[in-house]
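Throughout, a chain's letter reflects where its sequence line sits, starting with A, and its residues are numbered from 1.
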Amino acid sequence: MLQEALREIQRGSAEIIDNERIEKLLKAYFDEGKTYTVKAGFDPTAPDLHLGHTVLLQKLSTFQKYGAKVQFLIGDFTAQIGDPSGKSATRKTLSALEIQENAKSYKEQVFKLLDPSKTEVLFNSEWINPLGASGMLTLTTTFNVARMLERDDFDKRHKSGISISISEFIYPLLQGYDSVHLKSDIEIGGTDQKFNLLMGRHLQRAYEIGKEQSVLMMPILEGLDGVQKMSKSLNNYIGVADEPNDMFGKVLSVSDELMWRYYELLSAKTLDEIEALKNGVTDGSLHPKKVKEDLALEITTRFHSHESAKAAKAEFDKVHSNNQVPTEIDEYRSDAEIWIAKALVDCNLSPSTSQARRDIKQGAVKINQEKVNDEQLQLGSGEYILQVGKRKFAKLKVD
RNA sequence: GGUGAGAUAGUCAAGUGGCCAACGACGGCGGACUGUAAAUCCGCUCCCUACGGGUUCAGAGGUUCGACUCCUCUUCUCACCA
């Protein structure tokens, strides 16, 4: 039981510092029922959560299974500075109102994964504000500039003469101080957070609170392309707010290889269960597509509901396996006879008539399931289902 | 502040007077094959009711029959020096 818990906790992690302590905490839980705290900080600058952000949540959820109380920390104070990690320039700061809004949307999402009874939502302004100028000074005496500049991203910026604000030096200190105040046993974060996470250990020692937190770092989740990190700007993400149909479809579109990665980092299935799936695929008794569908169902269910996930699967089968028209498609109207290329542009199926013509030439355009060959085709009055490629549909009414 | 290099389509990157709407790579889109997977193969990839027209190569002027290519100024980026 203890071994299994350890394996699940280590699952997918990139690096663990002071693993022995985690083992001790778990042992104390299994032997004596003693709980412990796991801290994870979230910067309320990103209101649009995607699956990449949920890797940490999934890990927290695992910890909760094995006796952890989660300290879900929203860095409302620190967000005013902006985390310098991995940044090549000073971040612009957020207004108090924006931070509040973002924090709210965080709370709505996280309890889809976490057990509320074992989760404490905290805002660090609560203890950082009372620190005052003298408390802040004390904090800064625990560290020095030379060590701060050892940090890779600071070092690069310093050497290339890009300005580093003093407040950015303060950021890791404050994050570390959170661990002092909360007396966290373990802190988890992404690999890019290593410096900040270690600061927690440093400060817990400096403030002599009698423990030093273990640190568990999770890797950055790859996006749909399987290569680059999942991010909104690369448009390779699955948003937690995506519609069920989109979410299901996106999960199903990842490669088989990436699917296992997603299983490891996102699924609530145990390692043994996943191992069984892998064996099934290897010996041919399980079709990889089925396994991927299960993952898509699990994820869609998590953020929506079991019903909508099943509906998404049904819809998916309908459109893609049986080549039928989706249930819901956008409708457009035209009040006069219209040229096909123009119609495609009007229905947002093509960005320009030039593109529309190319699509037609390449046989990508269908009207009512019939391939269109004539670029000059005029659509008279009636109702048409327009289709470009495999997934873009629109309904057009011509009066 | 000084000196040198550079700015080309979504990104990287050719092109140094007409053969340039601009090589190539990546990405993206479409097609074939499939499990809407991956891999592979093929096609497309500025706009325009189009065998033609229009607007592009940081910005503004200029030279020229003709400029992405030459000249001037401006803006920005990078390297070295201080």
Side-chain angles (χ1 to χ4, degrees), chain A residues 88-89 156-157 159-163 222-238 242-263 277-278 280-282 284-297 299-300 312-327 329 334 336-367 369-380 386-394:
Chain A
S88 53
K156 277 189 193 139
R157 282 167 62 180
K159 278 187 178 146
S160 56
I162 297 165
S163 88
E222 294 86 351
L224 298 175
D225 51 60
V227 179
Q228 293 188 276
K229 68 170 186 178
M230 183 175 283
S231 90
K232 194 168 180 179
S233 52
L234 293 173
N235 198 27
N236 62 355
Y237 70 104
I238 302 177
D242 280 357
E243 293 300 315
N245 287 345
D246 283 348
M247 197 178 271
F248 188 90
K250 280 184 187 176
V251 176
L252 216 53
S253 77
V254 305
S255 70
D256 289 4
E257 201 186 338
L258 187 61
M259 161 177 86
W260 295 118
R261 179 80 170 151
Y262 279 18
Y263 258 113
L277 292 176
K278 273 190 190 166
V281 169
T282 308
S285 63
L286 264 175
H287 195 293
K289 193 191 175 206
K290 171 82 176 72
V291 179
K292 205 180 290 177
E293 272 174 0
D294 286 348
L295 178 68
L297 277 173
I299 289 174
T300 311
K313 174 171 160 31
E315 178 75 9
F316 186 88
D317 288 343
K318 180 182 167 191
V319 177
H320 301 290
S321 302
N322 305 324
N323 286 317
Q324 291 177 358
V325 178
T327 318
I329 51 179
S334 166
E337 185 183 79
I338 188 166
W339 175 42
I340 176 68
K342 189 100 182 84
L344 293 174
V345 174
D346 286 353
C347 295
N348 290 320
L349 296 177
S350 294
S352 67
T353 59
S354 297
Q355 182 63 48
R357 280 163 167 268
R358 278 181 226 120
D359 288 337
I360 294 167
K361 223 175 274 174
Q362 298 193 111
V365 176
K366 287 179 188 165
I367 293 181
Q369 315 264 20
E370 296 281 330
K371 194 175 278 186
V372 177
N373 299 311
D374 181 11
E375 282 178 36
Q376 298 302 326
L377 186 67
Q378 298 289 327
L379 300 178
L386 304 178
Q387 180 182 359
V388 177
K390 285 177 194 161
R391 23 186 135 175
K392 285 185 285 188
F393 293 89

List in chain and number order the residues that pass side chain to side chain contact (heavy atoms under 4.5 Å, CB included) with N373(A), two or more places apart in sequence or in another chain; answer none if no residue qualifies.
K371(A)
Taking only the P atom of each, what is the distance from U49(B) to G66(B) in whole angstrom?
31 Å
Could you tell me if the side chain of K313(A) sits less than 4.5 Å from the side chain of L252(A), heavy atoms only?
no
What is the pairing partner of U34(B), taking Watson-Crick or G-U wobble pairs with both distances under 3.5 Å in any strand?
none
Using atom CE of M259(A) as one end and atom P of A37(B) as the other, report the distance to the nearest whole Å.
14 Å
Check the distance between A37(B)'s P and E222(A)'s CD and give it to me in whole angstrom.
20 Å
side-chain hydrogen bond (donor to acceptor under 3.5 Å, both in side chains) with D246(A): which residues, sequence neighbours excluded?
none
Quantified in whole Å, what is the C1' atom distance between nucleotide U8(B) and nucleotide C23(B)?
13 Å
Does any N or O donor sit under 3.5 Å from an N or O acceptor when you compare the side chain of D225(A) with the base of G27(B)?
no
Please tabulate, for the side chains in residues 336-351 of chain A, all donor-acceptor contacts under 3.5 angstrom to protein atoms that are two or more places apart in sequence or on a different chain.
from	atom 1	to	atom 2	distance (Å)
W339(A)	NE1	E375(A)	O	2.7
N348(A)	ND2	Y332(A)	OH	3.2
S350(A)	OG	D359(A)	OD2	3.4

Test: K366(A) cationic atom under 6.0 Å from F393(A) six-membered ring centre, within 45° of axis:
no
The contact string for nucleotides 48-53 of chain B, one letter per nucleotide 5' to 3', using protein heavy atoms under 4.0 Å with B, S and - for base, sugar-phosphate only and none, comes out as BBB---
C76(B) and G30(B), which share atom name C1', separated by this distance in whole Å
38 Å
Calculate the interatomic distance between L295(A) atom CG and A37(B) atom P; express it in whole Å.
17 Å
Could you tell me which residues satisfy side-chain hydrogen bond (donor to acceptor under 3.5 Å, both in side chains) with S354(A), sequence neighbours excluded, listed by chain and number?
none
Identity of whatever pairs with U55(B) - Watson-Crick or G-U, under 3.5 angstrom
none
Any strand, both distances under 3.5 Å, Watson-Crick or G-U wobble: U63(B) pairs with none
May I ask which nucleotide in the shown strands pairs with G1(B), Watson-Crick or G-U wobble, both distances under 3.5 Å?
C81(B)
Complementary nucleotide of C76(B), counting Watson-Crick and G-U pairs under 3.5 Å:
G6(B)
Among all residues two or more places apart in sequence or in another chain, which pass the side chain to side chain contact (heavy atoms under 4.5 Å, CB included) test with T327(A)?
E315(A), K318(A)
Calculate the interatomic distance between N373(A) atom CG and G30(B) atom P; express it in whole Å.
18 Å
Expressed as a whole number of angstroms, how long is the span from D359(A):CG to G43(B):P?
17 Å
Scan V254(A) against the nucleic acid and name what it touches under 4.0 Å (heavy atoms): base, sugar-phosphate only, or nothing.
sugar-phosphate
Heavy atoms under 4.0 Å, any strand shown: does K361(A) hit a base, just sugar-phosphate, or nothing?
nothing
Atom C1', compared across G61(B) and A67(B): separation rounded to whole Å:
14 Å
What's the CG-P distance between L344(A) and G30(B), to the nearest Å?
13 Å
Non-neighbouring partners of K392(A) that pass side-chain hydrogen bond (donor to acceptor under 3.5 Å, both in side chains), sequence neighbours left out:
none
Got a sec, which residues hit side chain to side chain contact (heavy atoms under 4.5 Å, CB included) with V291(A), two or more places apart in sequence or on another chain?
M259(A), W260(A), Y263(A), L277(A), V281(A), L286(A)
Counting C-beta onward and ignoring hydrogens, is there a side-chain heavy-atom pair between L386(A) and V365(A) closer than 4.5 Å?
no
For A7(B) and A14(B), measure between their P atoms and round to the nearest Å.
9 Å
What is the separation between atom NZ on K289(A) and atom C1' on G35(B), rounded to the nearest whole Å?
5 Å
Atom-pair distance (CZ on R358(A); P on C42(B)), nearest Å
20 Å
Pull out every protein N or O sitting under 3.5 Å from an N or O of nucleotides 31-34 of chain B, one pair per line with the distance.
from	atom 1	to	atom 2	distance (Å)
U34(B)	O4	K390(A)	NZ	3.3

Touch class at under 4.0 angstrom, heavy-atom based, for G249(A) against every strand present:
base
P-based separation of A13(B) from G6(B) [nearest Å]
13 Å
Between G1(B) and G10(B) - P atom distance, rounded Å
34 Å
Suppose you measure atom C1' in A58(B) against the same atom in C41(B); what distance do you get, rounded to whole Å?
40 Å
Could you identify the nucleotide paired to G28(B), looking across every strand shown and requiring Watson-Crick or G-U wobble geometry with both distances under 3.5 Å?
C44(B)
Using a strict threshold of under 4.0 Å (side-chain N to carboxylate O), is an ion pair present between E257(A) and R261(A)?
no
